[in-house]
Amino acid sequence: MAHSCIHWFRKGLRLHDNPALMAALRDCKELYPLYILDPNYTYGGKKRIRFLMGALKDLDCSLQKLNSRLFVVRGKPEEVFPELFSKWNITKLTYEYDTEPYGRSCVGKVTTLAQEHGVEVIYKISHTLYDIDRIIEENNGKPPLTYNRLQSLVKTLGPPKKPIPAPTMEDIKDVKTPCFEQHNKKYKIPSLEDMGVDSTSMEEEQFPGGEQEALRRLDEHMKMTAWVCSFEKPQTSPNSLRPSTTVLSPYTTFGCLSARTFWWRLSEVYRGKKHSDPPVSLHGQLLWREFFYTASVGIPNFNKMEGNPVCTQVDWDTNSDYLSAWKEARTGFPFIDAIMTQLRMEGWIHHLARHAVACFLTRGDLWISWEEGQKVFEEFLLDLDWALNAGNWQWLSASTFFHQYFRVYSPIAFGKKTDKNGDYIKKYLPILKKFPPNYIYEPWKAPLSIQQAAGCIVGKDYPRPIVQHEVVSKKNIQRMKVAYAKRSPHITDSPEKKKGTKRKAPTVVEMLMKKNRRQ
DNA sequence: AATCAGGTTGATCTT
DNA sequence: CAAGATCAACCTGAT
(Lines give C-alpha, C1' and ligand atoms only; values in the text may rest on other atoms or scores of the structure.)
Protein backbone atom coordinates (compact mmCIF):
# COMPACT_ATOMS: atom_id res chain seq x y z
CA MET A 1 0.00 0.00 0.00
CA ALA A 2 1.07 3.58 -0.62
CA HIS A 3 1.36 5.45 2.63
CA SER A 4 0.88 9.01 3.70
CA CYS A 5 3.68 9.38 6.14
CA ILE A 6 4.95 11.80 8.74
CA HIS A 7 8.63 11.60 9.56
CA TRP A 8 8.90 13.25 12.95
CA PHE A 9 12.28 14.94 13.39
CA ARG A 10 13.14 15.21 17.10
CA LYS A 11 16.87 14.93 17.51
CA GLY A 12 18.41 13.45 14.37
CA LEU A 13 18.26 16.76 12.46
CA ARG A 14 19.93 15.29 9.41
CA LEU A 15 19.40 13.31 6.24
CA HIS A 16 22.51 11.10 6.46
CA ASP A 17 22.29 7.95 8.58
CA ASN A 18 18.61 8.45 9.17
CA PRO A 19 17.06 4.97 9.00
CA ALA A 20 13.67 6.15 10.24
CA LEU A 21 13.45 8.65 7.40
CA MET A 22 14.40 5.88 4.96
CA ALA A 23 11.68 3.71 6.47
CA ALA A 24 9.25 6.57 5.83
CA LEU A 25 10.16 6.66 2.15
CA ARG A 26 9.39 3.00 1.68
CA ASP A 27 5.93 2.50 0.09
CA CYS A 28 5.23 6.16 0.51
CA LYS A 29 3.26 8.44 -1.77
CA GLU A 30 3.05 11.49 0.46
CA LEU A 31 5.76 12.51 2.90
CA TYR A 32 5.44 15.15 5.59
CA PRO A 33 8.78 15.91 7.26
CA LEU A 34 7.73 17.43 10.57
CA TYR A 35 9.44 19.27 13.40
CA ILE A 36 7.44 20.17 16.50
CA LEU A 37 8.58 23.09 18.62
CA ASP A 38 7.42 21.75 21.95
CA PRO A 39 7.06 24.38 24.69
CA ASN A 40 7.86 21.69 27.27
CA TYR A 41 11.13 20.95 25.53
CA THR A 42 12.45 24.49 25.14
CA TYR A 43 15.39 23.57 27.24
CA GLY A 44 18.34 25.75 27.01
CA GLY A 45 18.96 29.42 26.45
CA LYS A 46 18.84 31.68 23.45
CA LYS A 47 22.08 30.47 21.86
CA ARG A 48 20.74 26.96 21.83
CA ILE A 49 17.52 28.15 20.22
CA ARG A 50 19.54 29.95 17.57
CA PHE A 51 21.51 26.77 16.91
CA LEU A 52 18.28 24.78 16.60
CA MET A 53 16.76 27.29 14.20
CA GLY A 54 19.91 27.10 12.08
CA ALA A 55 19.70 23.33 12.06
CA LEU A 56 16.05 23.46 10.98
CA LYS A 57 16.82 25.92 8.16
CA ASP A 58 19.57 23.66 6.92
CA LEU A 59 17.27 20.66 7.07
CA ASP A 60 14.55 22.49 5.15
CA CYS A 61 17.14 23.49 2.58
CA SER A 62 18.31 19.90 2.12
CA LEU A 63 14.72 18.67 1.89
CA GLN A 64 13.96 21.27 -0.78
CA LYS A 65 16.76 19.84 -2.88
CA LEU A 66 14.77 16.59 -2.79
CA ASN A 67 11.57 18.45 -3.76
CA SER A 68 10.30 18.24 -0.22
CA ARG A 69 9.90 20.69 2.66
CA LEU A 70 10.10 20.78 6.43
CA PHE A 71 6.86 21.46 8.27
CA VAL A 72 7.42 23.27 11.55
CA VAL A 73 4.56 23.32 14.03
CA ARG A 74 4.48 24.84 17.50
CA GLY A 75 2.68 22.98 20.28
CA LYS A 76 2.67 19.89 22.43
CA PRO A 77 3.15 16.74 20.35
CA GLU A 78 0.10 15.05 21.87
CA GLU A 79 -2.03 17.99 20.77
CA VAL A 80 -0.41 18.50 17.37
CA PHE A 81 -0.60 14.93 16.09
CA PRO A 82 -4.36 14.15 16.18
CA GLU A 83 -5.08 17.16 14.00
CA LEU A 84 -2.31 16.38 11.54
CA PHE A 85 -3.20 12.66 11.34
CA SER A 86 -6.71 13.60 10.17
CA LYS A 87 -5.82 16.59 8.04
CA TRP A 88 -3.14 14.76 6.06
CA ASN A 89 -4.78 11.30 6.12
CA ILE A 90 -1.67 9.87 7.71
CA THR A 91 -1.15 6.09 7.71
CA LYS A 92 2.45 5.87 8.90
CA LEU A 93 4.61 7.70 11.45
CA THR A 94 8.38 7.31 11.69
CA TYR A 95 10.82 8.73 14.22
CA GLU A 96 14.24 8.22 15.74
CA TYR A 97 14.32 6.60 19.16
CA ASP A 98 15.22 8.92 22.04
CA THR A 99 16.29 7.61 25.45
CA GLU A 100 15.52 10.77 27.44
CA PRO A 101 12.69 10.40 29.95
CA TYR A 102 10.75 13.29 28.45
CA GLY A 103 11.22 11.96 24.94
CA ARG A 104 10.03 8.54 26.00
CA SER A 105 6.90 9.79 27.75
CA CYS A 106 6.12 11.94 24.73
CA VAL A 107 6.47 9.02 22.35
CA GLY A 108 4.26 6.93 24.61
CA LYS A 109 1.41 9.39 24.29
CA VAL A 110 1.89 9.87 20.57
CA THR A 111 2.00 6.12 19.92
CA THR A 112 -1.35 5.69 21.67
CA LEU A 113 -2.82 8.49 19.56
CA ALA A 114 -1.40 6.94 16.42
CA GLN A 115 -3.05 3.62 17.23
CA GLU A 116 -6.37 5.38 17.74
CA HIS A 117 -6.00 6.92 14.28
CA GLY A 118 -4.93 3.65 12.68
CA VAL A 119 -1.44 4.99 12.04
CA GLU A 120 1.43 2.53 11.83
CA VAL A 121 4.40 3.58 13.96
CA ILE A 122 8.01 2.79 13.09
CA TYR A 123 11.05 3.89 15.02
CA LYS A 124 14.75 3.31 14.53
CA ILE A 125 17.78 3.63 16.77
CA SER A 126 20.31 6.03 15.29
CA HIS A 127 21.11 8.65 17.91
CA THR A 128 23.54 6.39 19.77
CA LEU A 129 26.15 3.92 18.55
CA TYR A 130 24.29 1.02 20.13
CA ASP A 131 20.84 0.10 21.32
CA ILE A 132 21.26 1.31 24.88
CA ASP A 133 18.76 -1.20 26.26
CA ARG A 134 20.85 -4.01 24.75
CA ILE A 135 23.93 -2.86 26.63
CA ILE A 136 21.96 -2.94 29.88
CA GLU A 137 20.53 -6.37 29.08
CA GLU A 138 23.99 -7.65 28.35
CA ASN A 139 25.00 -6.49 31.83
CA ASN A 140 22.14 -8.43 33.45
CA GLY A 141 19.79 -5.47 33.61
CA LYS A 142 22.15 -3.10 35.35
CA PRO A 143 23.96 -0.17 33.79
CA PRO A 144 27.77 -0.43 34.03
CA LEU A 145 29.23 2.07 36.47
CA THR A 146 32.72 1.97 35.04
CA TYR A 147 34.01 2.73 31.57
CA ASN A 148 36.01 -0.49 31.50
CA ARG A 149 32.87 -2.48 32.03
CA LEU A 150 31.08 -0.60 29.27
CA GLN A 151 33.98 -1.30 26.95
CA SER A 152 33.86 -5.02 27.59
CA LEU A 153 30.09 -5.03 27.03
CA VAL A 154 30.27 -3.25 23.69
CA LYS A 155 33.06 -5.57 22.63
CA THR A 156 30.64 -8.49 22.94
CA LEU A 157 28.15 -6.53 20.81
CA GLY A 158 30.68 -5.93 18.05
CA PRO A 159 31.32 -2.65 16.25
CA PRO A 160 28.48 -0.14 15.85
CA LYS A 161 26.25 -0.43 12.79
CA LYS A 162 27.50 1.22 9.64
CA PRO A 163 25.72 4.48 8.85
CA ILE A 164 23.38 4.59 5.86
CA PRO A 165 23.62 7.26 3.17
CA ALA A 166 21.22 10.18 2.89
CA PRO A 167 18.19 9.64 0.62
CA THR A 168 18.73 10.53 -3.01
CA MET A 169 16.34 11.71 -5.75
CA GLU A 170 16.09 8.07 -6.73
CA ASP A 171 14.83 7.15 -3.23
CA ILE A 172 12.26 9.91 -3.30
CA LYS A 173 11.15 9.79 -6.95
CA ASP A 174 7.68 8.37 -6.26
CA VAL A 175 7.16 10.49 -3.17
CA LYS A 176 5.50 13.89 -3.02
CA THR A 177 5.42 16.43 -0.26
CA PRO A 178 2.15 18.34 -0.70
CA CYS A 179 3.15 21.95 -0.35
CA PHE A 180 0.84 24.82 -0.93
CA GLU A 181 1.44 28.53 -1.10
CA GLN A 182 0.37 28.80 2.50
CA HIS A 183 3.34 26.63 3.53
CA ASN A 184 5.58 29.57 4.21
CA LYS A 185 2.98 31.13 6.45
CA LYS A 186 1.70 28.11 8.26
CA TYR A 187 4.69 25.82 8.60
CA LYS A 188 7.65 28.11 8.32
CA ILE A 189 10.60 28.12 10.69
CA PRO A 190 9.98 30.89 13.23
CA SER A 191 12.40 33.78 13.46
CA LEU A 192 14.39 34.24 16.63
CA GLU A 193 12.07 37.12 17.50
CA ASP A 194 9.08 34.79 17.08
CA MET A 195 10.83 32.53 19.57
CA GLY A 196 11.14 35.37 22.06
CA VAL A 197 14.88 35.82 21.49
CA ASP A 198 16.28 39.31 21.08
CA SER A 199 18.99 38.56 18.54
CA THR A 200 20.31 42.11 18.34
CA SER A 201 22.18 41.71 21.62
CA MET A 202 23.73 38.37 20.69
CA GLU A 203 27.36 37.72 19.89
CA GLU A 204 28.35 36.44 16.49
CA GLU A 205 27.58 32.78 15.93
CA GLN A 206 30.76 30.68 16.20
CA PHE A 207 29.14 27.31 15.77
CA PRO A 208 26.22 27.56 13.36
CA GLY A 209 23.68 24.77 13.56
CA GLY A 210 22.97 22.29 10.80
CA GLU A 211 23.97 19.08 9.11
CA GLN A 212 26.01 20.75 6.37
CA GLU A 213 28.13 22.62 8.90
CA ALA A 214 28.46 19.43 10.96
CA LEU A 215 29.76 17.45 7.99
CA ARG A 216 32.06 20.29 6.99
CA ARG A 217 33.47 20.41 10.50
CA LEU A 218 33.87 16.64 10.53
CA ASP A 219 35.76 16.72 7.20
CA GLU A 220 37.96 19.54 8.39
CA HIS A 221 39.06 17.53 11.41
CA MET A 222 39.31 14.13 9.72
CA LYS A 223 41.78 15.63 7.22
CA MET A 224 44.22 16.09 10.11
CA THR A 225 45.20 12.44 10.10
CA ALA A 226 48.13 12.70 12.50
CA TRP A 227 46.13 14.84 14.90
CA VAL A 228 43.24 12.35 14.89
CA CYS A 229 45.55 9.36 15.38
CA SER A 230 47.42 10.92 18.28
CA PHE A 231 44.38 12.50 19.95
CA GLU A 232 44.40 12.04 23.72
CA LYS A 233 41.75 14.02 25.50
CA PRO A 234 43.67 14.65 28.73
CA GLN A 235 46.50 16.15 26.65
CA THR A 236 44.26 18.76 25.04
CA SER A 237 44.09 22.21 26.52
CA PRO A 238 41.13 23.67 28.40
CA ASN A 239 42.32 27.22 27.91
CA SER A 240 43.64 27.55 24.38
CA LEU A 241 42.43 30.60 22.47
CA ARG A 242 40.96 28.37 19.79
CA PRO A 243 39.25 25.09 20.71
CA SER A 244 41.78 22.27 21.09
CA THR A 245 39.12 19.63 20.40
CA THR A 246 36.64 19.13 17.54
CA VAL A 247 33.59 20.98 18.94
CA LEU A 248 31.42 18.44 17.20
CA SER A 249 29.43 17.96 20.40
CA PRO A 250 26.65 20.47 19.58
CA TYR A 251 26.18 18.62 16.30
CA THR A 252 25.99 15.13 17.78
CA THR A 253 23.68 16.43 20.52
CA PHE A 254 21.11 17.65 18.00
CA GLY A 255 21.86 14.80 15.66
CA CYS A 256 23.13 17.08 12.89
CA LEU A 257 25.97 14.56 12.87
CA SER A 258 25.40 10.85 13.36
CA ALA A 259 27.61 9.35 16.07
CA ARG A 260 27.96 6.25 13.87
CA THR A 261 29.09 8.34 10.90
CA PHE A 262 31.66 9.97 13.19
CA TRP A 263 32.75 6.53 14.49
CA TRP A 264 33.26 5.00 11.07
CA ARG A 265 35.02 8.06 9.67
CA LEU A 266 37.46 7.73 12.55
CA SER A 267 37.91 4.04 11.77
CA GLU A 268 38.84 5.00 8.21
CA VAL A 269 41.41 7.50 9.44
CA TYR A 270 42.84 4.96 11.89
CA ARG A 271 43.06 2.12 9.36
CA GLY A 272 46.60 0.81 9.03
CA LYS A 273 48.00 3.48 11.33
CA LYS A 274 49.14 3.57 14.89
CA HIS A 275 46.51 5.43 16.88
CA SER A 276 45.37 6.23 20.40
CA ASP A 277 42.70 4.10 22.05
CA PRO A 278 39.71 4.53 24.33
CA PRO A 279 39.18 6.06 26.79
CA VAL A 280 41.37 8.94 25.61
CA SER A 281 41.00 8.61 21.82
CA LEU A 282 38.24 10.15 19.71
CA HIS A 283 36.58 6.73 19.49
CA GLY A 284 36.86 6.81 23.26
CA GLN A 285 34.95 10.11 23.40
CA LEU A 286 32.04 8.56 21.53
CA LEU A 287 32.09 5.67 23.99
CA TRP A 288 31.93 8.11 26.88
CA ARG A 289 28.74 9.44 25.33
CA GLU A 290 27.46 5.88 25.18
CA PHE A 291 28.52 5.31 28.78
CA PHE A 292 26.48 8.24 30.13
CA TYR A 293 23.51 7.42 27.90
CA THR A 294 23.51 3.90 29.31
CA ALA A 295 23.74 5.19 32.88
CA SER A 296 20.93 7.69 32.25
CA VAL A 297 18.64 4.93 31.02
CA GLY A 298 19.50 2.43 33.74
CA ILE A 299 19.63 4.72 36.80
CA PRO A 300 16.40 6.20 38.13
CA ASN A 301 16.25 9.95 38.87
CA PHE A 302 19.46 10.36 36.94
CA ASN A 303 19.40 14.17 36.99
CA LYS A 304 18.84 14.35 40.74
CA MET A 305 20.68 13.43 43.92
CA GLU A 306 17.64 12.37 45.93
CA GLY A 307 16.11 9.14 44.74
CA ASN A 308 19.19 8.36 42.66
CA PRO A 309 20.38 5.05 44.10
CA VAL A 310 24.02 5.31 43.00
CA CYS A 311 24.52 8.97 43.84
CA THR A 312 26.32 9.84 47.07
CA GLN A 313 23.98 11.89 49.25
CA VAL A 314 25.82 15.06 50.21
CA ASP A 315 24.74 17.88 52.52
CA TRP A 316 25.39 20.61 49.94
CA ASP A 317 24.97 24.19 51.13
CA THR A 318 22.39 26.62 49.81
CA ASN A 319 24.24 29.83 49.06
CA SER A 320 22.71 32.07 46.42
CA ASP A 321 25.54 34.61 46.69
CA TYR A 322 28.17 32.01 45.88
CA LEU A 323 26.03 30.49 43.17
CA SER A 324 25.43 33.78 41.39
CA ALA A 325 29.09 34.77 41.76
CA TRP A 326 30.02 31.51 40.04
CA LYS A 327 27.38 31.85 37.34
CA GLU A 328 28.15 35.48 36.65
CA ALA A 329 31.94 35.10 36.62
CA ARG A 330 32.52 37.05 39.84
CA THR A 331 34.36 34.48 41.99
CA GLY A 332 37.57 36.47 42.01
CA PHE A 333 39.47 33.50 40.54
CA PRO A 334 40.41 34.63 37.02
CA PHE A 335 40.68 31.10 35.62
CA ILE A 336 37.18 30.23 36.83
CA ASP A 337 35.68 33.57 35.81
CA ALA A 338 37.26 33.42 32.36
CA ILE A 339 35.78 29.97 31.75
CA MET A 340 32.34 31.07 32.92
CA THR A 341 32.60 34.11 30.64
CA GLN A 342 33.49 31.95 27.64
CA LEU A 343 30.60 29.65 28.50
CA ARG A 344 28.14 32.53 28.59
CA MET A 345 29.50 34.22 25.46
CA GLU A 346 30.16 31.25 23.22
CA GLY A 347 28.02 28.41 24.54
CA TRP A 348 30.96 26.03 24.52
CA ILE A 349 33.92 25.39 26.83
CA HIS A 350 36.52 22.63 26.78
CA HIS A 351 35.76 19.49 28.73
CA LEU A 352 38.58 20.10 31.21
CA ALA A 353 37.37 23.67 31.72
CA ARG A 354 34.03 22.12 32.68
CA HIS A 355 35.94 19.99 35.16
CA ALA A 356 37.57 23.04 36.72
CA VAL A 357 34.38 25.06 37.18
CA ALA A 358 32.28 22.06 38.20
CA CYS A 359 34.75 20.98 40.85
CA PHE A 360 34.96 24.57 42.07
CA LEU A 361 31.19 24.92 42.42
CA THR A 362 30.72 21.59 44.19
CA ARG A 363 33.22 19.53 46.20
CA GLY A 364 36.24 21.75 45.59
CA ASP A 365 35.29 25.16 46.88
CA LEU A 366 31.72 26.43 47.07
CA TRP A 367 30.02 23.24 48.30
CA ILE A 368 26.92 23.88 46.18
CA SER A 369 24.86 21.04 44.74
CA TRP A 370 25.80 19.77 41.32
CA GLU A 371 22.12 20.10 40.40
CA GLU A 372 22.54 23.88 40.53
CA GLY A 373 25.49 23.66 38.17
CA GLN A 374 23.51 21.38 35.93
CA LYS A 375 20.81 24.09 35.60
CA VAL A 376 23.33 26.78 34.72
CA PHE A 377 24.87 24.58 32.03
CA GLU A 378 21.36 23.92 30.71
CA GLU A 379 21.00 27.60 30.17
CA PHE A 380 24.34 28.23 28.51
CA LEU A 381 25.56 25.14 26.67
CA LEU A 382 25.00 24.65 22.96
CA ASP A 383 25.90 20.99 23.33
CA LEU A 384 23.55 20.52 26.25
CA ASP A 385 22.65 16.87 26.41
CA TRP A 386 20.43 15.63 29.23
CA ALA A 387 22.35 12.42 29.93
CA LEU A 388 25.83 13.85 29.48
CA ASN A 389 25.13 16.94 31.56
CA ALA A 390 23.69 14.96 34.48
CA GLY A 391 26.37 12.27 34.24
CA ASN A 392 29.31 14.62 34.09
CA TRP A 393 28.04 16.74 36.98
CA GLN A 394 27.79 13.60 39.07
CA TRP A 395 31.28 12.60 37.99
CA LEU A 396 32.92 15.93 38.79
CA SER A 397 31.18 16.33 42.12
CA ALA A 398 32.43 12.81 43.01
CA SER A 399 28.84 11.77 43.59
CA THR A 400 28.69 8.91 41.08
CA PHE A 401 31.23 7.07 38.85
CA PHE A 402 34.25 8.98 40.18
CA HIS A 403 35.16 8.62 43.83
CA GLN A 404 38.65 10.01 44.34
CA TYR A 405 37.25 13.12 45.97
CA PHE A 406 40.64 13.98 47.42
CA ARG A 407 41.83 14.93 43.94
CA VAL A 408 40.77 18.53 43.78
CA TYR A 409 41.42 20.92 40.91
CA SER A 410 43.17 24.09 41.91
CA PRO A 411 41.54 27.21 40.40
CA ILE A 412 45.04 28.71 40.34
CA ALA A 413 47.41 25.91 39.36
CA PHE A 414 45.36 23.90 36.89
CA GLY A 415 45.16 26.52 34.14
CA LYS A 416 48.85 27.40 34.43
CA LYS A 417 49.88 24.03 33.04
CA THR A 418 48.62 24.90 29.56
CA ASP A 419 48.59 28.72 29.66
CA LYS A 420 51.45 30.14 31.68
CA ASN A 421 50.93 33.69 30.46
CA GLY A 422 47.22 33.73 31.11
CA ASP A 423 46.35 34.70 27.54
CA TYR A 424 43.03 32.91 27.88
CA ILE A 425 42.20 34.95 30.99
CA LYS A 426 43.18 38.15 29.19
CA LYS A 427 40.92 37.29 26.29
CA TYR A 428 37.80 36.72 28.36
CA LEU A 429 38.53 39.10 31.25
CA PRO A 430 40.08 42.12 29.53
CA ILE A 431 40.06 44.06 32.81
CA LEU A 432 43.00 41.85 33.84
CA LYS A 433 44.92 42.11 30.59
CA LYS A 434 47.72 44.29 31.96
CA PHE A 435 48.49 41.99 34.88
CA PRO A 436 51.91 40.32 34.64
CA PRO A 437 51.87 36.53 34.21
CA ASN A 438 53.06 35.82 37.74
CA TYR A 439 49.97 37.49 39.21
CA ILE A 440 47.29 36.90 36.61
CA TYR A 441 45.98 33.69 38.21
CA GLU A 442 45.90 35.35 41.66
CA PRO A 443 45.66 39.11 41.17
CA TRP A 444 44.82 39.71 44.84
CA LYS A 445 48.42 38.84 45.66
CA ALA A 446 49.80 41.60 43.45
CA PRO A 447 51.22 44.58 45.32
CA LEU A 448 49.08 47.69 45.05
CA SER A 449 51.65 49.33 42.78
CA ILE A 450 51.27 46.52 40.26
CA GLN A 451 47.48 46.66 40.51
CA GLN A 452 47.65 50.40 39.85
CA ALA A 453 50.00 49.92 36.92
CA ALA A 454 47.62 47.29 35.52
CA GLY A 455 44.72 49.72 35.91
CA CYS A 456 42.77 47.21 37.95
CA ILE A 457 42.36 47.38 41.69
CA VAL A 458 41.27 44.09 43.22
CA GLY A 459 38.17 44.60 45.32
CA LYS A 460 37.12 47.55 43.16
CA ASP A 461 37.62 46.75 39.46
CA TYR A 462 37.80 42.98 39.85
CA PRO A 463 36.43 40.98 42.81
CA ARG A 464 38.51 39.60 45.66
CA PRO A 465 38.39 35.78 45.80
CA ILE A 466 35.14 34.71 47.45
CA VAL A 467 36.83 31.79 49.24
CA GLN A 468 40.30 30.80 50.32
CA HIS A 469 40.89 27.77 48.15
CA GLU A 470 43.60 26.15 50.30
CA VAL A 471 41.34 26.34 53.34
CA VAL A 472 37.93 25.39 51.95
CA SER A 473 39.18 22.60 49.71
CA LYS A 474 40.74 20.84 52.70
CA LYS A 475 37.59 21.29 54.74
CA ASN A 476 35.46 20.03 51.84
CA ILE A 477 37.50 16.85 51.47
CA GLN A 478 36.60 16.11 55.07
CA ARG A 479 32.94 16.81 54.37
CA MET A 480 33.09 14.39 51.44
CA LYS A 481 34.64 11.81 53.70
CA VAL A 482 31.66 12.14 56.04
CA ALA A 483 29.22 11.85 53.11
CA TYR A 484 30.97 8.71 51.86
CA ALA A 485 30.97 7.16 55.33
CA LYS A 486 27.17 7.36 55.30
CA ARG A 487 26.88 5.49 52.00
CA SER A 488 25.26 2.10 52.18
CA PRO A 489 27.72 -0.70 51.50
CA HIS A 490 28.38 -1.60 47.91
CA ILE A 491 26.08 -4.32 46.65
CA THR A 492 28.23 -6.53 44.46
CA ASP A 493 25.42 -8.55 42.98
CA SER A 494 21.67 -9.05 43.24
CA PRO A 495 19.91 -8.20 46.50
CA GLU A 496 19.04 -11.89 46.97
CA LYS A 497 22.69 -12.73 47.18
CA LYS A 498 23.18 -10.08 49.81
CA LYS A 499 20.49 -11.62 51.95
CA GLY A 500 22.27 -14.94 51.74
CA THR A 501 19.98 -16.71 49.28
CA LYS A 502 21.38 -18.14 46.11
CA ARG A 503 20.88 -16.25 42.88
CA LYS A 504 18.42 -17.99 40.63
CA ALA A 505 20.14 -19.76 37.77
CA PRO A 506 18.87 -18.66 34.35
CA THR A 507 16.35 -21.02 32.81
CA VAL A 508 16.95 -22.60 29.41
CA VAL A 509 14.30 -20.29 27.94
CA GLU A 510 16.08 -17.22 29.30
CA MET A 511 19.39 -18.37 27.90
CA LEU A 512 17.85 -18.96 24.48
CA MET A 513 16.21 -15.55 24.54
CA LYS A 514 19.52 -13.91 25.29
CA LYS A 515 21.19 -15.89 22.54
CA ASN A 516 18.53 -14.91 20.02
CA ARG A 517 18.76 -11.25 20.89
CA ARG A 518 22.46 -11.38 20.16
CA GLN A 519 21.87 -12.32 16.54
C1' DA B 1 34.81 -14.11 50.70
C1' DA B 2 38.45 -11.35 50.96
C1' DT B 3 41.67 -9.16 48.38
C1' DC B 4 43.46 -6.60 44.70
C1' DA B 5 44.09 -3.77 40.55
C1' DG B 6 42.68 -0.02 38.16
C1' DG B 7 40.46 4.16 37.66
C1' DT B 8 40.35 9.42 30.64
C1' DT B 9 42.43 14.35 32.51
C1' DG B 10 45.20 16.59 40.77
C1' DA B 11 48.84 19.19 43.21
C1' DT B 12 53.14 19.44 44.99
C1' DC B 13 57.55 18.20 46.08
C1' DT B 14 61.69 15.44 45.05
C1' DT B 15 64.89 13.16 42.14
C1' DC C 1 62.23 19.18 32.67
C1' DA C 2 60.28 14.43 32.97
C1' DA C 3 59.23 10.93 36.02
C1' DG C 4 58.17 9.29 40.50
C1' DA C 5 56.68 9.61 45.34
C1' DT C 6 53.51 11.42 48.51
C1' DC C 7 49.33 13.26 50.01
C1' DA C 8 44.62 10.46 51.70
C1' DA C 9 42.36 6.84 50.63
C1' DC C 10 37.59 6.59 47.50
C1' DC C 11 34.79 2.71 44.75
C1' DT C 12 33.80 -1.03 41.19
C1' DG C 13 34.59 -5.14 39.11
C1' DA C 14 37.41 -9.08 38.75
C1' DT C 15 39.54 -12.95 40.75
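First the proteins, then the strands, lettered A, B, ... as listed; each starts at 1. Owing to the predicted nature of the structure, the values given are computational and were not obtained by experimental measurement.
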Below 3.5 Å between N/O atoms, which protein atoms pair up with nucleotides 12-15 of chain B? Just atom names and distances, please.
none

Using nucleotides 4-9 of chain C, report all nitrogen or oxygen pairs with the protein that are shorter than 3.5 Å.
from  : atom 1 : to     : atom 2 : distance (Å)
C:dA9 : OP1    : A:K481 : NZ     : 2.6

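Residues A:W393 and A:F377 bring their aromatic ring centres within 6.0 Å. Taking the six-membered ring wherever Trp is involved, the centroid distance between the rings of A:H221 and A:W227 falls below 6.0 Å. Aromatic ring centroids of A:F333 and A:W444 lie under 6.0 Å apart. Checked against the 6.0 Å centroid threshold, A:Y251 and A:F262 do not count as a close aromatic pair. Between A:W326 and A:Y322, a ring centre-to-centre spacing not shorter than 6.0 Å is recorded.
In this structure, the CZ atom of A:F414 is 16 Å from the P atom of B:dT8, given to the nearest Å. Between the P atom of B:dG7 and the CG atom of A:L150 lies a distance of 15 Å, rounded to the nearest Å. Atom OH in A:Y147 sits about 8 Å away from atom P in B:dT8, given to the nearest Å. A straight line from CG of A:N148 to P of B:dG6 spans 10 Å, rounded to a whole angstrom. Atom pair A:L388:CG and B:dT8:P shows a separation of 15 Å (rounding to whole Å applied). In this structure, the CG atom of A:D277 is 17 Å from the P atom of B:dG6, given to the nearest Å. As rounded to whole Å, 13 Å separates atom C1' of B:dG10 from atom CG of A:D365. When the C1' atom of C:dC10 is taken as reference, atom NZ of A:K486 falls 17 Å away, rounded to whole Å.
Residue-level contact check: A:L145 touches the backbone only, with heavy atoms under 4.0 Å from sugar-phosphate atoms and none from bases. Among the heavy atoms of the strands lying under 4.0 Å from A:Q285 is at least one base atom, whether or not backbone atoms are also near. Counting non-hydrogen atoms under 4.0 angstrom, A:F401 reaches nothing in the nucleic acid. Residue A:V408 is in sugar-phosphate contact alone, with no base atom involved, counting any heavy-atom pair closer than 4.0 Å across all strands shown. Counting non-hydrogen atoms under 4.0 angstrom, A:K417 reaches the backbone sugars and phosphates but no base.
Contact check on A:R354 versus A:D383 returns a salt bridge, with a Lys/Arg side-chain nitrogen under 4.0 Å from an Asp/Glu carboxylate oxygen.
Partner A:M340 forms a side-chain contact (heavy atoms from CB on, under 4.5 Å) with one of A:L361, A:V376, A:L429 and no other, that one being A:V376.
Here the separation of B:dG6 from C:dA5, taken at their P atoms, is 15 Å to the nearest Å. Comparing the P positions of B:dG7 and C:dA8 gives an interatomic distance of 24 Å, to the nearest angstrom. Using P as the reference atom, B:dT8 and C:dT6 are 24 Å apart when rounded to the nearest Å.
If you check B:dT8, B:dG10, C:dC10 against the side chain of A:Y409, the one that comes closest is B:dG10.
Taking each heavy atom of A:Y97 and A:H127 in turn, the nearest pair found is O-CB, 4.1 Å.
For the residue pair A:E232 / A:S276, no side-chain donor-acceptor distance below 3.5 Å is found, with atom types taken as modelled.
Judged by atom type and distance alone, A:H403 does not reach the base of C:dT12 through any side-chain donor-acceptor pair under 3.5 Å.
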Side chains of residues 410-417 of chain A: which donor-acceptor partners sit under 3.5 Å, not counting sequence neighbours?
from   : atom 1 : to     : atom 2 : distance (Å)
A:S410 : OG     : A:I412 : N      : 3.1
A:S410 : OG     : A:A413 : N      : 2.9

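With sequence neighbours left out, the side-chain hydrogen bond (donor to acceptor under 3.5 Å, both in side chains) criterion links A:D98 to A:K11. Residues satisfying the side-chain hydrogen bond (donor to acceptor under 3.5 Å, both in side chains) test with A:S369, not counting sequence neighbours, are none.
Helical stems of DNA chain B (runs of at least 3 Watson-Crick or G-U pairs, donor-acceptor distances under 3.5 Å) are listed by first residue: B:2-7 with C:10-15, B:10-15 with C:2-7.
Contact annotation: A:R149 does not reach the phosphate of C:dC11 (side-chain N/O to OP1 or OP2, under 4.0 Å).
The closest donor-acceptor contact from the side chain of A:N239 to the backbone of A:Y424 lies at 3.5 Å or more, if one exists at all.
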